[in-house]
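Here is the structure we will look at, set down as structure tokens.
For clarity, every value in this text was computed on a predicted model and none was experimentally measured.
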Amino acid sequence: MSPIQTNRTNLVRMSVTGNVVHPRFNSRTPYRISIHGEPRVLPGTGGVTYNVRVGTRVDSIVGDHVEPGISMKHPDTESNGGLNVLACIGNRAEVLTGKASGDVGVVTGKHGGAEHVMVDFPDEILEKMVPGDRILVRSFGVGLELPEFPDIKCMSLDPDFFDEWITESRDGKLVVPVSHKVPAGVMGSGLGRDNAFRGDYDITMFDPQIVEKCGLDTLRLGDLVAIMDADSTYGRYYNTGSVTIGIIAHGNSIIAGHGPGVTCLLASRSGAIEPVIDDGANIGDILKLR
């Protein structure tokens, strides 16, 4: 089987850095208000999350927007913009300071609003890490194109990870293994942004019928999913026949309009993507991270 052609030899490798961020809470109140009007105090974004990594079932986490592995951010706003745009899913990330200095992980997601980049490390490395540790990402992937599929937009996608994940085309469409197909009608926070090169948008999980129909109760962090009738080529919106592919970047939420976050990786306005269900369509399985 011939590999899918890309322009990888023309892409730029560039260093971007950030620090492991500390978990934060509002100084006025720790509560988050659920869709039922219930105030709850839950772990949220940031920090070193020792026992939540790619492969963890979303419904097993007692938390709100919990980010797997470590969450990193640059303290300067514009430099953090560079980190969030240039870091790509599958990029290698090296720890520069602290007890884990020299150890290497993999970028697995980007979270809008928090403007965090998440990196997965093996358990024994996470145990050595603390907020403030500095991390280098050797970014590679921005500008990735598929010459055989000019209608498909690539975003935040490392070419090496692409080659491991996607290997087939059929009847003029790119065949993409995914764990779930999600209807665009349940997408929430993040809709309407003018680009999908950073951040994510959320699958709302409040309708039990849709959750059951689409098997969303089995979602795992790091799953590759297809958002059906969704176009993200130049901003996220509903469009019949379009397909967006992304990765589950953070956990569920009790807040209206929020849920597991999807960092966009591929989008086709014309529907030139054929998603196929594959139980192994998770970055942890594909790159053997666990």
Side-chain angles (χ1 to χ4, degrees), residues 8 11-24 43-57 61 63 65-76 79-80 82-111 114-142 156-165 198 200 220-224 247-251 261 263 265 280 282-290:
R8 62 175 297 140
L11 301 181
V12 175
R13 293 183 185 270
M14 187 174 288
S15 64
V16 286
T17 65
N19 302 330
V20 179
V21 294
H22 202 284
R24 297 173 62 188
T45 60
V48 180
T49 309
Y50 301 106
N51 62 341
V52 176
R53 293 178 56 196
V54 293
T56 300
R57 281 271 294 259
I61 303 167
H65 289 80
V66 171
E67 297 166 341
I70 70 94
S71 308
M72 63 182 294
K73 187 173 187 176
H74 196 286
D76 173 74
S79 297
N80 193 53
L83 170 64
N84 275 266
V85 170
L86 292 173
C88 290
I89 307 308
N91 285 170
R92 265 41 184 180
E94 180 182 351
V95 184
L96 299 179
T97 62
K99 292 183 178 180
S101 182
D103 288 325
V104 175
V106 175
V107 174
T108 62
K110 302 196 276 192
H111 186 181
E115 307 308 325
H116 291 168
V117 172
M118 282 75 80
V119 183
D120 182 79
F121 290 95
D123 294 341
E124 63 273 15
I125 296 174
L126 287 175
E127 290 292 339
K128 296 188 289 185
M129 299 186 71
V130 296
D133 285 349
R134 193 175 182 208
I135 297 173
L136 165 70
V137 175
R138 290 180 170 84
S139 70
F140 183 54
V142 171
S156 304
L157 183 54
D158 184 297
D160 291 331
F161 176 48
F162 175 87
D163 287 344
E164 292 288 334
W165 169 32
R198 59 188 294 176
D200 66 304
R220 297 181 296 163
L221 294 167
D223 273 353
L224 288 312
I247 186 168
I248 302 296
H250 67 67
T263 298
L265 302 177
N282 182 286
I283 192 172
D285 297 327
I286 294 167
L287 298 183
K288 298 178 174 57
L289 301 180
R290 301 193 70 172

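- If you run side-chain contact (heavy atoms from CB on, under 4.5 Å) between L224 and each of I248, L265, I89, only L265 comes through.
- Note that CG of D120 is 11.0 Å distant from OG1 of T49, once rounded to the nearest 0.5 Å.
- The heavy-atom pair separating A249 from P68 by the smallest distance is O-CD, 3.1 Å.
- Evaluation of the side chain to side chain donor-acceptor pair (under 3.5 Å) rule for S156 yields K110 as partners, not counting sequence neighbours.
- Between V142 and M14 the shortest side-chain heavy-atom distance does not fall below 4.5 Å.
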Quiz item: Step by step, would you call V137 with M72 a side-chain contact (heavy atoms from CB on, under 4.5 Å)?
Solution: CA-CA 10 Å; V137 175; M72 63 182 294; 4.0 Å; yes
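- With hydrogens and angles ignored, the 3.5 Å screen pairs no side-chain donor or acceptor of N80 with any backbone N or O of P75.
- In terms of heavy-atom proximity, G47 sits nearest to P23 at CA-CD, 3.7 Å.
- Checked against side chain to side chain donor-acceptor pair (under 3.5 Å), D285 has the following partners two or more places apart in sequence or in another chain: R220.
- Contact between L221 and N282 at its shortest, heavy atoms only, is O-ND2, 3.0 Å.
- Each of K73, H65, E67 was scored for a side-chain hydrogen bond (donor to acceptor under 3.5 Å, both in side chains) with H116, with one residue passing: E67.
- To the nearest 0.5 angstrom, F161 atom CZ is 5.5 Å from I247 atom CD1.
- Here the straight-line distance linking atom CE of M129 with atom OH of Y50 works out to 9.5 Å at 0.5 Å rounding.
- Formation of a donor-acceptor pair under 3.5 Å by the R290 side chain with backbone atoms of V54 is found in this model.
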Practice problem: For V106 and R92, run side-chain contact (heavy atoms from CB on, under 4.5 Å): C-alpha distance rounded to whole Å, both residues' side-chain angles, the deciding distance at 0.1 Å, then the answer. | Solution: CA-CA 5 Å; V106 175; R92 265 41 184 180; 3.9 Å; yes
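- Between atom NE2 of residue H250 and atom CG of residue D200 there is a gap of 4.0 Å, rounded to the nearest 0.5 Å.
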Quiz item: Passes side-chain contact (heavy atoms from CB on, under 4.5 Å), D103 versus K128? Steps please.
Solution: CA-CA 10 Å; D103 288 325; K128 296 188 289 185; 2.9 Å; yes
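- Formation of a donor-acceptor pair under 3.5 Å by the N91 side chain with backbone atoms of F140 is found in this model.
- Residues I70 and L126 meet the side-chain proximity criterion, which asks for heavy atoms closer than 4.5 Å.
- The shortest side-chain heavy-atom distance between D160 and R8 falls under the 4.5 Å cut-off.
- Inter-residue side-chain proximity for V16 and V117 is flagged as unmet; no heavy-atom pair is nearer than 4.5 Å.
- Among all heavy-atom pairs drawn from H74 and L83, the shortest one is N-CD2, 4.0 Å.
- Within the model, atoms OG1 of T263 and CE of M118 stand 6.0 Å from one another, a figure rounded to the nearest 0.5 Å.
- In terms of heavy-atom proximity, S101 sits nearest to L96 at OG-O, 3.2 Å.
- Under a cut-off of 6.0 angstrom, the local environment of CZ in R134 is sparse, with at most 12 non-hydrogen atoms contributed by other residues, nucleotides or ligands.
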Quiz item: Between T108 and R53, is a side-chain contact (heavy atoms from CB on, under 4.5 Å) present by the stated rule, with each step listed?
Solution: CA-CA 10 Å; T108 62; R53 293 178 56 196; over 6 Å; no
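- Remark: K99 engages no residue in a salt bridge (Lys or Arg N to Asp or Glu O under 4.0 Å) (not counting sequence neighbours).
- Atom CZ of R57 has more than 12 heavy atoms from other residues, nucleotides or ligands within 6.0 Å.
- For the residue pair G90 and I283, the shortest heavy atom distance occurs at N-CD1, 4.3 Å.
- Residues E164 and L287 form a side-chain contact, since some pair of their non-hydrogen atoms from C-beta on lies under 4.5 Å apart.
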